[in-house]
Novice: 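My structure is below; once you've seen it, I'll send some questions.
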There are 2 protein chains.
Amino acid sequence: MSSATNRRDRARLPGPERRRQILDVTTRLVAERGFWGLSMQDVADGCGLTVPGLLHHVGSKDGLLVAVLEHRDAEDGRSLAAQLGLRPPEPADWTALARTPGVDLRRVCAALVRRNATQPEIVRLFAVLEAESLAPDHPAHDYFADRQAKTLDVFTELARPLCDDPRTLARQAVAMMDGLQIQWLRAPAETDLVDAWDAAAATLFGRPR
Amino acid sequence: MSSATNRRDRARLPGPERRRQILDVTTRLVAERGFWGLSMQDVADGCGLTVPGLLHHVGSKDGLLVAVLEHRDAEDGRSLAAQLGLRPPEPADWTALARTPGVDLRRVCAALVRRNATQPEIVRLFAVLEAESLAPDHPAHDYFADRQAKTLDVFTELARPLCDDPRTLARQAVAMMDGLQIQWLRAPAETDLVDAWDAAAATLFGRPR
DNA sequence: GTCTATAGGACGATAGAC
DNA sequence: GTCTATCGTCCTATAGAC
């Protein structure tokens, strides 16, 4: 018994693994409590660390949140690109979607919803932060303001082939996704997110293809 | 200078006025910070009270939140009843709407949106708490679970005359309202809530009347 | 109905040893 | 990379005087 957990059950993980662990634990806790309700103590406990040990990795509580959001963006970009069959080199660039032939708003939304349905925790993270960050002094305020603007722009481009007023359709698609996700999170037993979205897509985009 | 503010600028308000002041200040602060981010000290300061003075009125921090939510429900019930021309005696009973001739989901949503557009602060209060209260141990968790269930039921009844699948339409109407409100709160300059809703109503319910 | 005083924690962050 | 120790601040709530 010499190799693993050799000092009081506190594993001394290599840097990258420790970082991933911190991001995972934080994601879960922020989804539950929001940023104002998050305590560094809880995160540290969840990682088997002390608070100063945790701060060594992330600098500050604000820094922790930023790290989580950046990590999620990277993951989501990769997943979406993979689902839509894009080439891996530049996965993080949402904007590229709008210029990819054969990809329209309907397909992108369907892909997003299907991915989201498999990870309620992440959806909840964004739902909570989206509301909390309306406050101008919230550490993620600018991040979410940019995100909404960028999402609406890309969705508008994607909606252009589908209707006369793509901006309005983009707005409605975003609103519907956000709203259905909240209902699903509150009553997961009653609601199937994919079914609810497919019905909504029929309303938004017209009957199937 | 004997009647008002006679002791260190701290007005000794009569009970009901003080209560209203507390609820107003709390509403504003919860809308900004959520419940986890709310501090009794800030509420007390905003009322010109000490913290124990504040606690005398509301009992506890949880009690304060409950008081705010109950107060809002009462006000909203009154307003909606007035806008739809119902008799005042029983304004708080949402359920009655479903049995009122000439009232359907389209009209009720239009009335709700038009009222909400005049009070962004209240809309934000609900948006923030709706997300925060997804956590099972949040003091408003049960309140919002009930609220969502009840709203969906009433909306379903109201949608019955309009389509074949009223439950689905009800879900979509709720989702769309919630989602458009978030977008409006984040970028009030770019979005007019009433316009956005009227466009969405055309999508959801079909072209005008 | 409002105060002073205070209990009793939890919080985020820093300094410095190992 | 992680620790111990500690600082200073903020928090909700209670007890009891006025």
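Throughout, a chain's letter reflects where its sequence line sits, starting with A, and its residues are numbered from 1.
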Novice: Hey, does A:Tyr143 have a side-chain heavy atom less than 4.5 Å from the side chain of A:Asp73?
Specialist: yes
Novice: With each end axis built from five pairs of C1' atoms, what bend angle do you get for the helix from C:dG1-D:dC18 to C:dC18-D:dG1? Round to 10°.
Specialist: 10°
Novice: Nearest to the side chain of B:Leu49, which nucleotide is it out of D:dT14, D:dC3, C:dT2?
Specialist: C:dT2
Novice: Does any residue of residues 27-36 of chain A have a heavy atom under 4.0 Å from DNA chain D, and if so, which ones, in number order?
Specialist: none
Novice: Give every residue pair that meets the salt bridge (charged side-chain N to carboxylate O under 4.0 Å, His left out) criterion with at least one member in residues 114-133 of chain A, sequence neighbours excluded.
Specialist: A:Asp76-A:Arg115, A:Arg114-A:Asp198
Novice: Return the set of residues passing side chain to side chain donor-acceptor pair (under 3.5 Å) with A:Glu32 (not counting sequence neighbours), or none when no residue passes.
Specialist: none
Novice: Strictly under 3.5 Å: I want the nitrogen or oxygen pairs between protein and nucleotides 9-11 of chain D, one per line.
Specialist:
unit_1: D:dC11; atom_1: OP1; unit_2: B:Ser39; atom_2: OG; d: 2.9

Novice: Does B:His138 form a side-chain contact (heavy atoms from CB on, under 4.5 Å) with B:Leu65? I'd like the steps, not just the answer.
Specialist: CA-CA 11 Å; B:His138 191 283; B:Leu65 183 61; 4.0 Å; yes
Novice: Residues of residues 53-60 of chain A with any non-hydrogen atom less than 4.0 angstrom from an atom of DNA chain C: list those, numerically ordered, please.
Specialist: A:Leu55, A:Ser60
Novice: Name all pairs fulfilling the side chain to side chain donor-acceptor pair (under 3.5 Å) condition that reach into residues 167-177 of chain B, sequence neighbours left out, sorted by first residue then second.
Specialist: A:Thr203-B:Gln172, B:Asp153-B:Arg167, B:Thr156-B:Arg167, B:Asp165-B:Thr168
Novice: Could I get the full list of side chain to side chain donor-acceptor pair (under 3.5 Å) partners for B:Gln148, not counting sequence neighbours?
Specialist: none
Novice: So how far is it from B:Trp197 CH2 to B:Leu180 CG, rounded to the nearest 0.5 Å?
Specialist: 7.0 Å
Novice: Rounded to whole Å, how long is the line connecting atom CG of A:Asp45 with atom C1' of C:dG12?
Specialist: 15 Å
Novice: Within this structure, what is the CD-to-C1' distance between A:Glu17 and D:dG1, rounded to whole angstrom?
Specialist: 14 Å
Novice: Report yes if the side chains of A:Leu193 and A:Val123 come closer than 4.5 Å at any heavy-atom pair, otherwise no.
Specialist: no
Novice: Does anything in residues 177-196 of chain A pair up under side chain to side chain donor-acceptor pair (under 3.5 Å), and if so which pairs, sequence neighbours excluded?
Specialist: A:Arg186-B:Ser133
Novice: Going by ring-ring contact (aromatic ring centres under 6.0 Å, His included), name the residues that satisfy it together with B:Phe155, two or more places apart in sequence or in a different chain.
Specialist: none
Novice: Looking at A:Thr50, I'd like to know whether one of its side-chain N or O atoms comes within less than 4.0 Å of OP1 or OP2 on D:dT2.
Specialist: no
Novice: Check residues 36-45 of chain A and write down every donor-acceptor pair under 3.5 Å in which the side-chain atom is one partner and the other belongs to a residue at least two apart or another chain.
Specialist:
unit_1: A:Trp36; atom_1: NE1; unit_2: B:Arg33; atom_2: O; d: 3.4
unit_1: A:Ser39; atom_1: OG; unit_2: A:Gln41; atom_2: N; d: 3.1
unit_1: A:Ser39; atom_1: OG; unit_2: A:Asp42; atom_2: N; d: 3.1
unit_1: A:Gln41; atom_1: NE2; unit_2: A:Asp45; atom_2: OD1; d: 3.1

Novice: Nearest 0.5 angstrom please: B:Leu64 CG to B:Leu29 CG, how far?
Specialist: 9.5 Å
Novice: Partners of B:His71 by side-chain contact (heavy atoms from CB on, under 4.5 Å), sequence neighbours excluded?
Specialist: B:Arg20, B:Leu23, B:Glu75
